[in-house]
S.K.: 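Let me begin by handing over the structure; questions about it come next.
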Amino acid sequence: MHMADALLSPAVGATFWAGTIAVSGYASKKLKEQIDDKLIPLMGVLGAFIFAAQMINFTIPGTGSSGHLGGGMILAIILGPYAAFLVMASVLTVQALFFADGGLLALGCNIWNLGFYPCFLVYPLIYKPLVGGGKNPGRILVVSLLSAVVALQLGAFSVVIATLLSGKSELPFGAFVLLMQPIHLAIGIVEGFVTAGVINYVRSTRSEILESSAATISLGPAVSLKKVLITFAVLAAITGGALSWFASTHPDGLEWSIERVTGKDELPGQEQGIAPLLKGIQEKTAFLPDYGFKQAGKASKKGEPPPAWPGIEGGTSASGIIGAVIVLGMIVLIGMGIRAVRRRQNEQ
Amino acid sequence: MTFDEKYFDVGRLDRLSYQSTCVHQLDPRAKVVATVLFLFTVISFPKYEVGGLIPFFLFPVLLMTMGEIPFLFVVKKVLFVSPFAIFIGIFNPLLDTGTVAVIAGMPISAGWISFVSIILKFSLTISAAILLVATTSFPGVCHALRQLGFPSLFTSQLLFLYRYLFVLMEEAMRIIRARDMRAFGTRGTGIKVFVRLIGILFLRTVDRAERVYYAMLSRGFQGDMPSLRKSRIAMTDMAFMATMITFLVVFRFFPVTEEVGRFTQELFR
Amino acid sequence: MSHHIVEFQDVHFSYPDGTIALNGLSFKIFHGESVGIVGANGAGKSTLLMHMNGYLHPASGRIHVGDFQLDSRTCQEIRKKVGLVFQNPDDQLFMPTVYEDVAFGPLNLGVSPELVKESVDQALATVGCTALKDKPPHHLSSGQKSAVAIAAVIAMHPDILVMDEPASNLDPKSRRKLINLLKCFEHTKIIASHDLDLILDVCRRCILIREGRVAADGPTKELLSDKALLEENNLELPLSMQKCGA
Amino acid sequence: MSHHIVEFQDVHFSYPDGTIALNGLSFKIFHGESVGIVGANGAGKSTLLMHMNGYLHPASGRIHVGDFQLDSRTCQEIRKKVGLVFQNPDDQLFMPTVYEDVAFGPLNLGVSPELVKESVDQALATVGCTALKDKPPHHLSSGQKSAVAIAAVIAMHPDILVMDEPASNLDPKSRRKLINLLKCFEHTKIIASHDLDLILDVCRRCILIREGRVAADGPTKELLSDKALLEENNLELPLSMQKCGA
Ligand SMILES: Nc1ncnc2c1ncn2[C@@H]1O[C@H](COP(=O)(O)OP(=O)(O)OP(=O)(O)O)[C@@H](O)[C@H]1O
Ligand SMILES: Nc1ncnc2c1ncn2[C@@H]1O[C@H](COP(=O)(O)OP(=O)(O)OP(=O)(O)O)[C@@H](O)[C@H]1O
Ligand SMILES: [Mg+2]
Ligand SMILES: [Mg+2]
């Protein structure tokens, strides 16, 4: 669910960056105050750990497809929100640079979505108050699931908002939401299981790590898990209802998106998932030229002479296309020229 | 991609970044700033812009050739990376069906144009990010960020992250190989085993962080990461920035593609 | 059936960053042999072992294991035949208890639970670790971990046992125990190590790798007493042979 | 000034999980000595070294290094005197390039940039790695990493060089190079290792640790030829002494 540069407008990209930089600055300042210099190498090495762990795939039961770790919640639980946010920012920076996941402008947005929500909303408002003493594995599991799901839902929703505000995509709000949220519900559940599994494992083998971590200092009074769960269920029902109402005001959008969502139980980014989807879309769009052609034909019947090539907007689009081909050709030539010169230099 | 392939990929990019071509020798700050300006310029084009984006391919091509970065490597990265933009963009032709042009008798809908625009922007921005690190090296980028005012706490731990990336990826790779060697297909690769692997890797990571911290203490670490890097902006860097900005402005505000096309049409008329 | 069990024919392999790791490697290993693989740091030993059970695939050249030629379809089959023991047992022991860890491989092979139990018990007995059955691996000493890692592999009844640096970081006594253990295995054994004394003790035959190619291949005793050859390859006489001449 | 440079007096230490690692350890090391620390896996060697420059503090007992008694106030001073080379060079090379890594210590000591440059260059020259200056550590071979890790420590001009398993995973030639390098250091040297041949080559004196206590202490030659004592401690004769008698 990495946001991509190509979908962003400069204003939206810059806004997210501004938010991210502000939070990073705040987090750095907070950390500087309480710093234990042990934290710098720990943060760096844990960042590398998250990065490496994200590269490991596992099989999701029942689907045969594979998932991987996000890591925001684990970091927040181990390091506390400030350090976790910075580490998450670093992990995403490295991803943007080494895997080009998303791109550099979208990085601000991605850090916000995958770092801010888990560290500064979900961790202090859900995980920490609910987990209690952090001693009960069952409770850790439930709270981790809830936290991961909420964090990912917020992140996914944020992607939708950013994309819509940027205005580069035609997807209507309702359809987009219905496309993103269910997928991220699945991802969130998996993430929650993994988070709880790792935390419980660490707790059972080396509990001192969790106890000494910055995150567990000054635990607030434990809130009743039941109450919060009920509240969440109610909230979920309300938002679900609202969203589907919203979506149903865009009926055609709803129709096809439901079709897609139900036809597809894998995570995005899986080849198996996307290939048939793309194929379907190709089939859908195949009628477009045909359809357009008829329209053009109809227009010509009305007596106007059919627009001769290069078409309606005559000059502009023709010279545009010719120009594009020539410019591209020139760029390729320049590239090949430099390469040839280099090769000759190297040979000498 | 398997773990090995991902790991090798990162390693290869990292190795490319330690070459010493003229592009690699430019000041990292200049390259970071230039990349950001480039990205903003590309992104600032409106939704339906196609022609105006094409001249911008000059930059990646120049960086690739001058910086001796294999062309196919970058193309592969761009193709295989982050399907999200394409995934979302592909809806445009579906939903935005108004015909805006007819070319060679074939009507083109606005959706297709905005989709092509997304693809072009995508290729440009992704290759810019890859080329930044391939021609600057990751530590170079980090030092540039620090000099440009990012908090030193952030950049220091980013450098640690970079350093231990390779160590931990190798560790993870060995663990994964050990799992896959006894997993035979998908039986042993479920979430239970995964959680344990991650748990073990985590504990080893924490222990390693401890040892690294000791190693730092033994060399007088007291909370500050000293740096010897005091790069000075040279004339070549200034020249690079000036050229870059000029070209960005020209390509952004002057319809180069169309003019070239019009000029050619005139020639053959 | 062919009587050789592993055959490399002109195998080439480069890592994606361009490092040439194997560069025309050819050899045959026959049933029941014990072969040491030696060479300088970076000679390509680990890369070679990774090919042996299809973790890496050759860029050119062919690899036969048993009746199979290695390719992406046969590599699962080949992994059943070839048991690889990793250098660092911590990489390999990831289940909650020793028993579960040793059972991991056989279970994934689809063996029935009773048979699994049997082969686990047998494997643990072979390496003398039956008493450790219910311990979590992280509470074991390094020597015990090495032994359990070997048990985990032999529980899958491989035809060939392949090991990368089996004795590093073991104290001399645990190392000696490991050597004795290895000596009494009937399997075909292939061991890569810098510990030339271990190779001398365990392996009859020795293959010397240099820059991804076979530089010498012959009886361990002869090869490891050829001072000039060893020096050329960043090696030296096994320690137990060094002082005696002097 | 005291003429002994390191002194442990009845040092006890347990890890938080209750493992007793040091259990009444006492010894003195004098200026210019080279001392090998040997013992079985888990005997407490690494724990001992960690005390030597104050990462771990004894639960009871006293440690003197030079003129200081180790406590949380003096440990900064003591760290300047004691250069610790870790077993795994990856733990120690934490900066992005070799040069920056070697410079890290001197810079933290507040040395001026020119002097830093000088001592870095000198340290790299000592270990023969000048050419690697601008490389990132993860592109080095294991032998090179070990050498650079030593350079990083000697660039701080410590009085005492402390090493944990310096030769593991090195090929025999690189190991020999390292031994020669160690031999020509003038420093007081303390080396913990399972490689008894290395200890025999480099150290005059040897301390044998068992269960967190000194089990024997004496000239290396004598100690490492006492077969019974070694056997008791999970060790065995250095390989280079084994075959000769036979
Ligand atoms: N992941 C990798 N990416 C790039 N090059 C690699 C990688 N792994 C190994 N190499 C290179 O391949 C060559 C062979 O490495 P290999 O690990 O097989 O050597 P080795 O003989 O096992 O060495 P050692 O004795 O140090 O274990 C070396 O030059 C090494 O630097
Ligand atoms: N972080 C730790 N927490 C708990 N126990 C530990 C820890 N590190 C070591 N120990 C235990 O302390 C004892 C001494 O360990 P130490 O690492 O000092 O042994 P060693 O002599 O260095 O062994 P080796 O030769 O295997 O390196 C062992 O019983 C070990 O299990
Ligand atoms: Mg190896
Ligand atoms: Mg130790």
S.K.: What residue, out of A:Leu107, A:Val202, A:Leu7, A:Val332, has the most heavy-atom pairs lying under 4.5 Å from chain B?
M.R.: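 Maximum pair count with chain B is reached by A:Leu7.
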S.K.: Look at B:Leu158, B:Val195, B:Thr35, B:Ile43 and state which one has the largest set of heavy-atom pairs under 4.5 Å with chain A.
M.R.: B:Ile43
S.K.: Pick whichever of B:Ile176, B:Val36, B:Ile175, B:Val212 has the most heavy-atom pairs under 4.5 Å with chain A.
M.R.: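 Heavy-atom pair counts peak at B:Ile176.
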S.K.: Tell me, side chain or backbone of A:Phe51 under 4.5 Å from chain B's heavy atoms, or both, or neither?
M.R.: side chain
S.K.: Measure distances from A:Thr205 to the heavy atoms of chain B and classify the residue's part below 4.5 Å as side chain, backbone, both or neither.
M.R.: side chain
S.K.: Is it the side chain or the backbone of A:Val341 that comes within 4.5 Å of chain B heavy atoms, both, or neither?
M.R.: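 No part of it gets close to chain B.
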S.K.: Which atoms of B:Val10 are under 4.5 Å from chain A, going by heavy atoms: the side chain, the backbone, both sets, or neither?
M.R.: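 When you check distances to chain A, atoms from both the backbone and side chain of B:Val10 fall under 4.5 Å.
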S.K.: Taking NZ, NE, NH1 and NH2 as the nitrogens, is one of them in B:Lys47 or A:Glu170 under 4.0 Å from a carboxylate oxygen of the other?
M.R.: yes
S.K.: Chain A heavy atoms under 4.5 Å from B:Ile130: which part of the residue, side chain, backbone, both or neither?
M.R.: both
S.K.: Just so I understand: if I count every heavy-atom pair under 4.5 Å between each of B:Phe57, B:Phe166, B:Phe263 and chain A, which residue has the most?
M.R.: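 Maximum pair count with chain A is reached by B:Phe57.
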S.K.: May I ask you to check whether over 12 heavy atoms, not counting those of B:Tyr48, lie within 6.0 Å of atom OH?
M.R.: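 Atom OH in B:Tyr48 is crowded, with more than 12 foreign heavy atoms closer than 6.0 Å.
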S.K.: Between A:Asp5 and A:Lys168, is there a salt bridge with N-O shorter than 4.0 Å?
M.R.: no
S.K.: With respect to chain B, which residue among A:Arg342, A:Met43, A:Lys29 yields the maximal number of heavy-atom pairs within a distance under 4.5 Å?
M.R.: A:Arg342
S.K.: I need the residue from B:Phe45, B:Phe71, B:Tyr164, B:Phe138 with the largest number of non-hydrogen atom pairs under 4.5 Å to chain A.
M.R.: B:Phe138
S.K.: For the residue pair B:Tyr162 and A:Phe98, categorise the inter-ring angle as parallel (less than 30°), tilted (30 to 60°) or perpendicular (more than 60°).
M.R.: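 Taking A:Phe98 first and then B:Tyr162, their aromatic rings lie parallel (interplane angle under 30°).
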S.K.: Does the distance from a Lys or Arg side-chain N to an Asp or Glu carboxylate O, for B:Lys121 and B:Glu49, drop under 4.0 Å?
M.R.: no
S.K.: Between B:Arg204 and chain A, which part of the residue has a heavy atom less than 4.5 Å away: side chain, backbone, both or neither?
M.R.: neither
S.K.: Heavy-atom pairs under 4.5 Å with chain A - which of B:Ile200, B:Leu120, B:Leu159, B:Val50 has more of them than the others?
M.R.: B:Ile200
S.K.: Do B:Asp14 and B:Ser17 touch side chain to side chain, with heavy atoms closer than 4.5 Å?
M.R.: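 In contact.
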S.K.: Do B:Leu58 and A:Val327 come close enough that some side-chain heavy atom pair is under 4.5 Å?
M.R.: no
S.K.: Below 4.5 Å from any heavy atom of chain A, which atoms of B:Asp4 appear? Answer side chain, backbone, both or neither.
M.R.: neither
S.K.: Side chain, backbone, both or neither: which part of A:Leu97 has a heavy atom under 4.5 Å from chain B?
M.R.: both
S.K.: Examine whether an atom of B:Thr205 lies under 4.5 Å from a heavy atom of chain A, and if so say whether it belongs to the side chain, the backbone or both; otherwise answer neither.
M.R.: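 For B:Thr205, heavy atoms of backbone and side chain both lie under 4.5 Å from chain A.
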S.K.: Could you check which of A:Val194, A:Ile50, A:Leu42 has the highest count of heavy-atom pairs closer than 4.5 Å to chain B?
M.R.: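 That would be A:Val194.
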S.K.: Of all heavy-atom pairs between A:Ala324 and B:Thr257, which one has the smallest distance, and what is that distance?
M.R.: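 The answer is N-CG2, 3.0 Å.
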S.K.: So which part of B:Met66 gets closer than 4.5 Å to some heavy atom of chain A, the side chain, the backbone, both or neither?
M.R.: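 Backbone plus side chain of B:Met66, per the 4.5 Å heavy-atom cut-off to chain A.
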S.K.: Looking at B:Gly111, B:Ala172, B:Pro55, which makes the most heavy-atom pairs under 4.5 Å with chain A?
M.R.: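 Most heavy-atom pairs under 4.5 Å with chain A: B:Pro55.
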S.K.: Considering all heavy atoms of both residues, which atom of A:Trp17 and which atom of A:Leu105 are nearest to each other, and what is their separation?
M.R.: NE1-O, 3.1 Å
S.K.: Is B:Arg208 salt-bridged to B:Glu171, cutoff N-O under 4.0 Å?
M.R.: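 Yes, this pair counts.
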S.K.: Restricting to non-hydrogen atoms, name the atom on B:Leu124 and the atom on B:Pro60 that form the minimum distance, rounded to 0.1 Å.
M.R.: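 Scanning both residues completely, I find the closest heavy atoms to be CD2-CG, 4.2 Å.
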S.K.: Which pair of non-hydrogen atoms, one from A:Ala48 and one from B:Leu165, has the smallest distance, and what is that distance?
M.R.: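 Distance-wise, the nearest heavy atoms are CB-N, 3.6 Å.
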S.K.: Considering only heavy atoms and a distance below 4.5 Å, find which of A:Ser28, A:Ala11, A:Ala96 pairs most often with chain B.
M.R.: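 Option with the greatest count: A:Ser28.
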S.K.: In terms of side-chain heavy atoms, does B:Gln157 have a donor or acceptor partner in A:Ser90 at a distance below 3.5 Å?
M.R.: yes
S.K.: Against chain B, work out which of A:Ala196, A:Ser24, A:Pro10, A:Ala52 has the most heavy-atom pairs shorter than 4.5 Å and name it.
M.R.: A:Pro10
S.K.: Testing the basics here: between A:Leu171 and A:Leu164, what is the closest heavy-atom pair and its distance to 0.1 Å?
M.R.: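 Minimum heavy-atom separation between A:Leu171 and A:Leu164: O-CD2, 3.3 Å.
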S.K.: Non-hydrogen atoms of chain B under 4.5 Å away: do they reach the side chain of A:Thr163, the backbone, both or neither?
M.R.: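 Answer is side chain: those atoms of A:Thr163 sit under 4.5 Å from chain B.
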S.K.: Which atoms of A:Val87 come close to chain B, meaning under 4.5 Å heavy atom to heavy atom: side chain ones, backbone ones, both, or neither?
M.R.: both
